[in-house]
Amino acid sequence: MEAESPKVFGNVTGDWKALQESVYKNWLNTQLIKVPEAERELAKKTAKTGSLLELIADGLTIPFVLSYVLIPEKANQLRINRNTTALNNRLNRVNNLNAALQYLKNFGEVNLVNIGAEDLADGNYVACMALIWALISKFQGINNTDRETLIKKINEILQAADVPNLPPIRNISSSTWKDGRVLV
């Protein structure tokens, strides 16, 4: 049995899951840059490899991004354990992530269906991707006018990139997003 060759999307070769993870990790790191350096250093100590799933599971990155960047006006109401030694314990990471999810529900008004702290702490791929997507879609502030402009811009870029067999994007939830080619 022959191994399947990697898919080619425009000038990017690879797996769509890896591409999605890369895009989401870049977004999260862009937010993390805005967190005070001392807090960023704590998060680096707990995320051993720096993979997206580890950044989310570490119990610090998500709470820090929420409290310092996305919803800073209520930061004093997010109580987490900052002891990196204690965060080697899964229960402490789960507690921090529970606090962050509750904070997000209360002040970010984000609907987190089927996203639990335990899944995040265990690095569950689907839960982690769903959380980052919920954060991006909520805090990047895309309204209807922005959506139309975004769709128009995406179609211009896709047309210029000459991605094979890709129909034009008609809406944000279009089925053309499913295979990852649009994320190139």
Side-chain angles (χ1 to χ4, degrees), residues 3-4 6-7 12 14-72 74-140 172-173 175 177-180 182-183:
E4 187 178 321
K7 296 175 182 157
V12 177
D15 177 26
W16 71 267
K17 285 174 86 173
L19 181 61
Q20 180 183 31
E21 188 172 334
S22 175
V23 169
Y24 284 15
K25 181 180 176 184
N26 287 341
W27 181 85
L28 187 59
N29 281 329
T30 300
Q31 304 310 310
L32 198 53
I33 288 170
K34 302 169 190 171
V35 171
E37 188 174 349
E39 305 287 35
R40 272 198 321 265
E41 290 304 315
L42 285 176
K44 283 182 188 176
K45 288 179 184 177
T46 58
K48 312 276 185 282
T49 65
S51 75
L52 176 64
L53 302 181
E54 241 181 50
L55 283 172
I56 294 169
D58 72 2
L60 288 176
T61 300
I62 294 299
F64 287 162
V65 167
L66 288 175
S67 63
Y68 287 106
V69 182
L70 302 179
I71 316 172
K74 301 284 186 177
N76 63 335
Q77 298 193 30
L78 179 57
R79 304 275 185 243
I80 60 169
N81 185 342
R82 288 175 163 76
N83 182 329
T84 57
T85 304
L87 290 172
N88 288 330
N89 180 322
R90 180 182 179 275
L91 181 60
N92 291 324
R93 291 191 314 272
V94 168
N95 286 340
N96 276 4
L97 290 165
N98 264 328
L101 293 176
Q102 192 59 49
Y103 179 79
L104 186 57
K105 288 176 189 175
N106 292 344
F107 303 115
E109 299 174 2
V110 175
N111 189 7
L112 300 172
V113 177
N114 293 327
I115 301 174
E118 295 84 5
D119 291 330
L120 298 175
D122 293 339
N124 176 292
Y125 184 83
V126 173
C128 290
M129 294 298 114
L131 174 64
I132 298 300
W133 176 248
L135 294 175
I136 291 170
S137 59
K138 170 65 179 183
F139 294 104
Q140 292 307 115
I172 297 293
S173 61
S175 61
W177 295 92
K178 289 182 182 175
D179 64 8
V182 173
L183 296 174

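If you take NZ on Lys105 and CD1 on Ile115, they are separated by 9.0 Å, rounding to the nearest 0.5 Å. Interatomic distance, Leu70 CG to Lys34 NZ, rounded to the nearest 0.5 Å: 7.5 Å. How far CG of Leu66 is from CG of Leu78: 7.0 Å, rounded to the nearest 0.5 Å. The CG atom of Asn124 sits 10.0 Å away from atom CG of Asn114, with the distance rounded to the nearest 0.5 Å. Summarising the geometry, atom CD belonging to Glu41 is positioned 12.0 Å from atom CG belonging to Leu60; distances are rounded to the nearest 0.5 Å. Summarising the geometry, atom CH2 belonging to Trp27 is positioned 5.5 Å from atom CD1 belonging to Ile136; distances are rounded to the nearest 0.5 Å.
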| side-chain contact (heavy atoms from CB on, under 4.5 Å) assessment of Phe64 paired with Ile80 | CA-CA 9 Å; Phe64 287 162; Ile80 60 169; 3.6 Å; yes

| task | Begin from the C-alpha positions of Leu42 and Leu87 and carry the test side-chain contact (heavy atoms from CB on, under 4.5 Å) through to its verdict. | result | CA-CA 10 Å; Leu42 285 176; Leu87 290 172; over 6 Å; no

| task | Dump the intermediate steps for side-chain contact (heavy atoms from CB on, under 4.5 Å) on Tyr125 and Gln20, then the final yes or no. | result | CA-CA 11 Å; Tyr125 184 83; Gln20 180 183 31; 3.5 Å; yes

| request: Under the side-chain contact (heavy atoms from CB on, under 4.5 Å) rule, what do Ile56 and Thr61 come out as? Steps first, then yes or no, please. | output: CA-CA 6 Å; Ile56 294 169; Thr61 300; over 6 Å; no

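Thr30 places a side-chain N or O within 3.5 Å of a backbone atom of Asn26 that can act as its donor or acceptor partner. No side-chain donor-acceptor contact under 3.5 Å links Arg93 to the backbone of Asp58. The backbone N or O of Ala86 lies less than 3.5 Å from a partner atom in the side chain of Asn92, making a donor-acceptor pair. In terms of modelled atom types and a separation under 3.5 Å, the side chain of Tyr103 and the main chain of Ile71 share a donor-acceptor contact. Asn96 places a side-chain N or O within 3.5 Å of a backbone atom of Gly59 that can act as its donor or acceptor partner. The closest donor-acceptor contact from the side chain of Arg79 to the backbone of Ala99 lies at 3.5 Å or more, if one exists at all.
Side-chain contact check for Gln31 versus Phe139: every heavy-atom pair is 4.5 Å or farther apart. In this structure, the side chains of Ile132 and Lys25 stay at 4.5 Å or more apart for every pair of heavy atoms.
Between Cys128 and Leu53, the shortest heavy-atom distance links the atoms CB-CD2, 3.6 Å. Ala117 and Leu101 make their closest contact through N-CD1, 3.5 Å (heavy atoms, listed as atom of the first residue, atom of the second, distance). The heavy-atom pair separating Val35 from Arg40 by the smallest distance is O-NH1, 2.7 Å. Ala57 approaches Gly123 most closely through the heavy-atom pair CB-N, 4.3 Å.
With Leu120 as the partner, the side-chain contact (heavy atoms from CB on, under 4.5 Å) test is satisfied by one option alone out of Ile62, Leu97, Asn98: Leu97.
Between Arg90 and Glu118 there is no salt bridge, since no side-chain nitrogen of the basic residue lies less than 4.0 Å from a carboxylate oxygen of the acidic one.
Other residues, nucleotides and ligands place more than 12 heavy atoms under 6.0 Å from the CG atom of Asn76.
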